[in-house]
Amino acid sequence: MNEPITLNEHVKRSGHAEAAELAIVITQLAVAGKIIARELARAALVGQLGTTGETNVQGEPVKKLDIWANDVVVRAMEETGLVTTLVSEEMAEPLRLTKTGAHGRYVVCFDPVDGSSNLDVNGIVGTIFSLRKGRETVQPGTAQVVAGYIMYGPATLLVLTTGDGVDGFTLGPTIGEFVRSHHQIRIPARGRVYSVNEGNSTKWEPGVRRYIEYLRAADVATGRPYTARYVGSLVADFHRTLLEGGVFLYPADAMGGKPSGKLRLQYEAAPMAWLVEQAGGRATTGRARIMTIHPATPHQRVPLIIGSPEDVALAEDFIAGRK
Ligand code: FBP
């Protein structure tokens, strides 16, 4: 068996110009992940399930663990002395870390608990993070220096890129360390699974509806019908797609409800887009590459189609009316 490589060691060996600084921030994110994983495991026993009764900037009911996890990440980032600003799904305004951020280098955009609707039913949730340089609170995906997520499933897994491919690290329950378990992940060119909330199908534009109908139609020669999988947590649905191929979609609501879809560009779509591109896949709105979209606001939403390159290209063909 290969020598176990810890997350910290992996980042230090990355050859990245700022490897030492990135290792400090990433290690602190990992510590926040360990603390959140422990709290999730005992949440039902310590009254941490359910909502706070408030609504967040997205207009969604706030779960107790959303706020609790947000505070854990904020405190972990303060400890680095390297982070100037935080943009979080749970904070209406970006937070300037005035005390510790004076010599800071990075803006961290994050979703402390992704898949919140799974929290009270013991489903898979995650934490998504994205580091950019400087202090700007709105930057395109191409400005990312680190992107990743922590997935709280049967195992706790941290997946990230610093621009040199995608690696996964499993939290060793006995040693309490994230150890590299997935090296240089590559997404299959094409998959056999599609993932979308079909309950929204009446709201989709015709091209999206025809694409999903195409995937559901039987045709042995083209490996159809595809199988449907939908956990309702972007981290879980993306992770499966990354490892096994296929396509995940959260389209725009063409009927006007959510014309830009649901997912947020800076701390959901853009980090996943960089990860999938680093693994050989693609991410689009259906018409534009996610990575090059310049956000107008910190919480801007975008439609997302992401996954295997051949599957995403086909979706774009249907949306453009070429199919
Ligand atoms: P949260 O970050 O608030 O959980 O919202 C994002 C999300 O839960 C994604 O993880 C998931 O892909 C999507 O929303 C599910 O939305 P829906 O319930 O509309 O299918």
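Just follow the structure's listing: the first ligand is 1, and inside any ligand the first atom is 1. Values reported hereafter were calculated over all heavy atoms of this structure, with side chains retained and with hydrogens, waters and symmetry mates removed.
- Of all the heavy atoms of Asp111, the ones lying under 4.0 Å from any atom of ligand 1 belong exclusively to the side chain.
- Electrostatic pairing of Lys258 and Asp253 does not count as a salt bridge here, judged by no charged N lying under 4.0 Å from a carboxylate O.
- Using cut-offs of 30° and 60° on the angle between ring planes, the pair Phe318 and Tyr214 is tilted.
- In terms of protein heavy-atom proximity, atom 16 (O) of ligand 1 is closest to Lys262 NZ, 3.0 Å.
- Closest protein heavy atom to atom 19 (O) of ligand 1: Tyr250 OH, 2.6 Å.
- For residues 115-150, every residue pair satisfying the ring-ring contact (aromatic ring centres under 6.0 Å, His included) rule, not counting sequence neighbours, is listed here: Tyr149-Phe238, Tyr149-His239.
- Near Arg264, meaning under 4.0 Å from any of its heavy atoms, are these atoms of ligand 1: 1 (P), 2 (O), 3 (O), 5 (O), 6 (C).
- Residue, atom and distance of the protein heavy atom nearest to atom 12 (O) of ligand 1 are Leu234 N, 3.3 Å.
- For ligand 1, the atoms sitting less than 4.0 Å from at least one non-hydrogen atom of Tyr230 are 15 (C), 16 (O), 17 (P), 20 (O), numbered in the order shown with element in parentheses.
- Of the protein's non-hydrogen atoms, the one nearest atom 1 (P) of ligand 1 is Glu89 OE2, 3.6 Å.
- Among Gln139, Glu18, Gln144, the one residue that satisfies the side chain to side chain donor-acceptor pair (under 3.5 Å) test with Lys133 is Glu18.
- When hydrogens are left out, the protein atom nearest atom 6 (C) of ligand 1 is Glu268 OE2, 3.4 Å; that is the closest non-hydrogen contact.
- Which parts of ligand 1 touch Ser116 is read off a 4.0 Å heavy-atom cut-off, strictly below it: atoms 3 (O), 4 (O).
- With a heavy-atom cut-off of 4.0 Å, Asn197 touches ligand 1 through its side chain alone.
- Taking every heavy atom of Glu60 and a limit of under 4.0 angstrom, the matching atoms of ligand 1 come to 3 (O).
- Each of the atoms 8 (O), 10 (O), 11 (C), 15 (C) of ligand 1 lies under 4.0 Å from some heavy atom of Gly232.
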